[in-house]
Amino acid sequence: MDKRVLVLVSACALGALALTSYGSGRSGGGGGTDADDKVTLKLVAADYGDKESNSSKAYWGKVATAFTAANPDIKVDVQVVNWNDIDKQVKTMIQSGNVPDVLQTGGYADMSPTTCCTGRRTCSRPPPGPT
């Protein structure tokens with residue numbers, strides 16, 4: 001996929017999330033507003049690189065910078081975590097109420113306290129699939 005398209009899609013996702021979180025009056029976890037009434041979004045992403053030259057830190061930094069340039073009242077706090085550690089760290093974040101606003105990893109549903117239909121928690125709706 002073209003990097004420009006990926007950056008645009010990421011920026012649009014951050015924008016949509018910013019609009020929904022701005023008016024939600026959330027308490028605890030994730031981003032919030034500072035003294036200047038600027039919204040801060042917490043983005044947590046996996047780093048699949050094995051050295052500084054192929055780390056995704058620079059990529060996510062560019063996405064955040066581009067998004068903030070287009071949306072000056074919204075800051076993006078980027079946290080890039082080694083892919084070997086991200087599942088454990090995100091699970092700890094969620095359990096402590098420090099939920100990311102944007103999460104780039106494959107296993108969020110497995111860590112959510114409201115996980116449904118995975119066999120780990122009970123839910124009132126049946127799992128997806130043929131009935």
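Here the straight-line distance linking atom CD of Gln89 with atom CD of Gln79 works out to 6.5 Å at 0.5 Å rounding. Asp101 contributes atom CG, which lies 10.5 Å from atom CD1 of Ile74 (distance to the nearest 0.5 angstrom). Between the CG atom in Asn84 and the CG atom in Asn82 there is a gap of 4.5 Å [rounded to 0.5 Å].
Across all non-hydrogen atoms, the minimal contact from Asp47 to Gly49 is OD1-N, 3.0 Å. Listed here is the closest heavy atom pair of Val78 and Ala64: CG2-CB, 3.5 Å. Residues Thr68 and Lys75 approach most closely at OG1-CA, 4.2 Å, considering heavy atoms. Considering every non-hydrogen atom in both Val80 and Ser56, the closest pair reads CG1-OG, 3.8 Å. For the pair Lys38 and Pro72, the tightest heavy-atom approach, listed with the atom from each and the gap, is NZ-O, 3.5 Å.
Residues meeting the side chain to side chain contact (heavy atoms under 4.5 Å, CB included) test with Thr92, sequence neighbours left out: none. Here Asn54 pairs with Asp50, Lys51 under the side chain to side chain contact (heavy atoms under 4.5 Å, CB included) rule; sequence neighbours left out.
Residue Val44 forms a side chain to side chain contact (heavy atoms under 4.5 Å, CB included) with just one option from Val102, Ile86, Asn98, and that option is Ile86.
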